[in-house]
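One structure below.
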Amino acid sequence: MSTQQNTVKLPSGDAYPLTGLGLWKVPQSACADLVYTSLKLGYRLLDGAADYDNEVQAGEGLSRAIKEGTVKREDVTVVSKLWNTFHAAEHVEAACRRSLADWGVDYFDVYYVHMPISLKYVDPKVRYPPGWSYDGTTTGKLEIEDSPYHKTWEAMEKLVDLGLVRNIAISNMSGGLIMDLMRYARIKPAVLQVELHPYHAQPNLVKLARAFDIHVTAYSSFGPTSWIGISDSVVAKCEPLFTHSKISKIAKSHNVTEAQVVLRWATQRDISVIPKSSSEARLKENLGNESFDLTEEEINIISDLDIGLRFADPAAIDPRLAIYA
Ligand code: NAD
C-alpha cells in the first residue's frame with residue numbers, strides 16, 4: 001500500500017511532506033523494521049538525528065525499501081541533525097559525513113542545527129553519539145564551547161555548496177536568534193523545527209518564520225505524551241491531549257481519533273508533523289490525519305488550549321542552556 005502524501009515546496013524547490021516519522025527514542029533493535037514499514041505505508045519523511053543513536057539502523061530500513069523497489073532515494077526526505085558538540089566550524093562537515101555514512105546516503109534533504117547550543121567537542125572515536133555531559137555520564141559536567149552560531153551557519157552553508165545537503169535548517173530557535181540569523185545567512189534556513197502542540201501553539205514564532213519564508217515543522221505534536229518520565233513535573237501540569245474533552249468532542253464529530261485531530265490542527269495550517277510511533281496501526285492512523293478537514297472554529301478551539309507549556313527545555317539540564325528565557 002502506498003499513499004501519496006501532501007507536501008509543501010521549500011525555497012530550493014524541493015517537496016517536503018506535511019506528515020513524517022520521528023525517530024527519537026526508537027531503539028536500534030526496532031529502527032530498521034520501523035523505517036521499512038513506514039515507507040511501505042507511504043511515509044516519505046524520516047526525521048532522524050545523530051543524537052538519536054539509530055542512524056545506522058534507520059539507513060538499513062531505508063536501503064531495504066529502496067532495494068525492494070518500494071521507494072527511490074529521491075522520493076524520500078531524509079533528515080539528520082548536527083549535534084551540539086560539533087558546532088565549531090572545523091567539525092561540521094565531518095559530523096555531517098558521519099551521519100551520511102551511517103544512513104548510507106550521499107546527501108541529506110534537510111540537515112538541521114539541532115539546537116542553538118554549543119558544547120565542547122567530543123571526538124567520535126571516544127564516544128558517539130556524544131550526548132550532553134562532557135564525560136558521557138548522566139551526572140557528568142556540561143562543558144560549553146565558545147563557538148558563535150554564525151560560524152556554525154557558515155559551515156552549514158558549505159555543506160550545501162559541497163552537495164552533501166540540499167536544505168539547511170534550524171531547530172529550537174527563538175525569534176530573536178532567527179532575526180539575527182536572517183541578517184547574515186547567505187543560504188537561508190528552509191525549515192524551523194520546534195516544539196509545537198495545542199499547549200504550546202507558538203503563534204508568533206510561526207508568523208515570524210512565515211514572514212521569512214521558513215517552513216515550520218512541529219515536534220512533540222502530542223504534547224505531554226512523549227515527555228512522561230523525562231519532564232514529569234511539567235507533564236503533571238496538563239491533561240493528556242488524547243483525553244481532553246474538547247479534542248475528544250471534535251474527534252467524535254469527524255469520526256477520527258484524538259491523535260488525528262491534534263495532527264490535523266497543525267497540517268491543515270501547513271505546519272509539518274513528525275509523530276513517532278512504533279505500532280503499525282498508529283503509523284497508519286497518524287499518516288491518515290490529512291484525510292479530513294477541521295472547521296476554522298475547531299482550529300480556534302484547539303489553538304485556545306495554548307498555555308505556553310514547554311516540555312523540552314534544556315535549562316532543566318543546566319541554567320546556562322536557558323535558550324528560551
Ligand atoms: P510525539 O508527539 O510524536 O509523541 C510520541 C509518543 O506518542 C510516543 O509515546 C508514541 O507511542 C505516542 N503515539 C504516537 N502515535 C500515537 C497515536 N496515534 N495515539 C496515541 N499515542 C501515540 O513526540 P516526539 O517523539 O517527542 O516528537 C516527534 C519527533 O520530533 C521525534 O521523534 C523527533 O524526530 C522530533 N523531535 C525533535 C526535537 C528537536 O530538538 N528538534 C525534540 C523532540 C522531538
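Just so you know, these numbers come straight off a predicted model, no measurement behind them. Heads up: numbering here begins at 1 and tracks the sequence. One-based numbering, in listed order, for ligands and for the atoms of each.
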> If you count the atoms of ligand 1 from 1 in the order shown, which ones are under 4.0 Å from a heavy atom of Ala259?
Replying inline: 17 (C), 18 (N), 19 (N)
> Which atoms of ligand 1 are found less than 4.0 Å from any heavy atom of Asp47?
Replying inline: 33 (C), 34 (O), 35 (C)
> Using a heavy-atom cut-off of under 4.0 Å, does the side chain or the backbone of Ser220 touch ligand 1, or both, or neither?
Replying inline: both
> Going by the order shown, which atoms of ligand 1 are within less than 4.0 Å of some heavy atom of Ser277?
Replying inline: 14 (C), 15 (N)
> Per the side chain to side chain contact (heavy atoms under 4.5 Å, CB included) rule, which among Thr217, Leu208, Val206, Leu205 passes with Leu192?
Replying inline: Leu205
>> Leu18 and side chain to side chain contact (heavy atoms under 4.5 Å, CB included): which single residue from Leu263, Thr267, Thr7, Leu45 fits?
In response: Thr267
>> Side chain or backbone, does Trp227 bring an N or O within less than 3.5 Å of an N or O on ligand 1?
In response: no
> Which option, Leu46, Thr225, Asn289, owns the non-hydrogen atom nearest atom 12 (C) of ligand 1?
Replying inline: Thr225
> Does Ser221 come within less than 4.0 Å of ligand 1, judged by its heavy atoms?
Replying inline: yes
> Any idea which protein heavy atom is nearest atom 39 (C) of ligand 1, and the distance to it?
Replying inline: Tyr219 CE2, 3.3 Å
> Going by the order shown, which atoms of ligand 1 are within less than 4.0 Å of some heavy atom of His114?
Replying inline: 39 (C), 40 (O), 41 (N)
>> With no hydrogens and no angle check, just 3.5 Å: does a side-chain donor-acceptor pair link Asn167 and Asp109?
In response: no
> Based purely on interatomic distance, does Gln193 place a nitrogen or oxygen under 3.5 Å from a nitrogen or oxygen of ligand 1?
Replying inline: yes
> Ring centroid separation for Tyr16 and His215, is it under 6.0 angstrom?
Replying inline: yes
> Relative to the ring of Tyr121, is the ring of His91 parallel (under 30°), tilted (30 to 60°) or perpendicular (over 60°)?
Replying inline: parallel
>> List the residues meeting side-chain hydrogen bond (donor to acceptor under 3.5 Å, both in side chains) with Arg183, not counting sequence neighbours, and say none if there are none.
In response: none
> Are the side chain of Glu258 and the backbone of Ala251 linked by a donor-acceptor contact shorter than 3.5 Å?
Replying inline: no
> What protein heavy atom sits nearest atom 11 (O) of ligand 1, and how far off is it?
Replying inline: Arg282 NH1, 3.6 Å
>> So, taking the atom named SG in Cys31 and the one named CG in Asp53, what distance separates them when rounded to the nearest 0.5 Å?
In response: 10.0 Å
> Should the proximity of Tyr52 to ligand 1, defined as any heavy atom under 4.0 Å, be assigned to the side chain, the backbone, both, or neither?
Replying inline: side chain
> Going by the atom numbers of ligand 1, which of them fall below 4.0 Å from some non-hydrogen atom of Asn172?
Replying inline: 39 (C), 40 (O), 41 (N)
> Taking the six-membered ring for Trp, are His200 and His197 parallel (under 30°), tilted (30 to 60°) or perpendicular (over 60°)?
Replying inline: tilted
> Please state which protein non-hydrogen atom is closest to atom 2 (O) of ligand 1 and give its distance, to 0.1 Å?
Replying inline: Phe222 N, 3.0 Å
>> Heavy-atom distances under 4.0 Å decide this one: backbone, side chain, both or neither, for Asn286 against ligand 1?
In response: side chain
> Looking at atom 28 (C) of ligand 1, what's its closest protein heavy atom, distance included?
Replying inline: Ile274 O, 3.1 Å
> Taking only residues two or more places apart in sequence or in another chain, which ones pass salt bridge (Lys or Arg N to Asp or Glu O under 4.0 Å) with Arg320?
Replying inline: Asp318
>> Suppose I only count heavy atoms of Gly22 and a 4.0 Å limit; which atoms of ligand 1 are within that range?
In response: 29 (C), 31 (C), 32 (O), 34 (O)
>> Going by side chain to side chain contact (heavy atoms under 4.5 Å, CB included), Tyr112 matches just one of Met156, Met173, Gln193. Which one?
In response: Gln193
> Which ligand 1 atoms, with their elements, are less than 4.0 angstrom from a heavy-atom of Ser171?
Replying inline: 39 (C), 41 (N)
>> Just to confirm my output: which protein heavy-atom neighbour is closest to atom 31 (C) of ligand 1, and how far is it?
In response: Trp24 CB, 3.6 Å
> Just distances here: any N/O of Met115 and N/O of ligand 1 closer than 3.5 Å?
Replying inline: no
>> Thr257 and side chain to side chain donor-acceptor pair (under 3.5 Å): which single residue from Glu285, Lys252, Arg282 fits?
In response: Glu285
> Is it the side chain (CB and beyond), the backbone, both or neither of Val194 that lies under 4.0 Å from ligand 1, heavy atoms counted?
Replying inline: neither
>> Within a 6.0 Å radius of atom NZ on Lys188, are there more than 12 heavy atoms belonging to other residues, nucleotides or ligands?
In response: yes
> Looking at atom 8 (C) of ligand 1, what's its closest protein heavy atom, distance included?
Replying inline: Lys276 O, 3.9 Å
>> Working to the nearest 0.5 angstrom, can you tell me the gap between Leu287 CG and Glu290 CD?
In response: 7.0 Å
> Nearest protein heavy atom to atom 24 (P) of ligand 1, by residue and atom, and its distance?
Replying inline: Ser226 OG, 3.4 Å
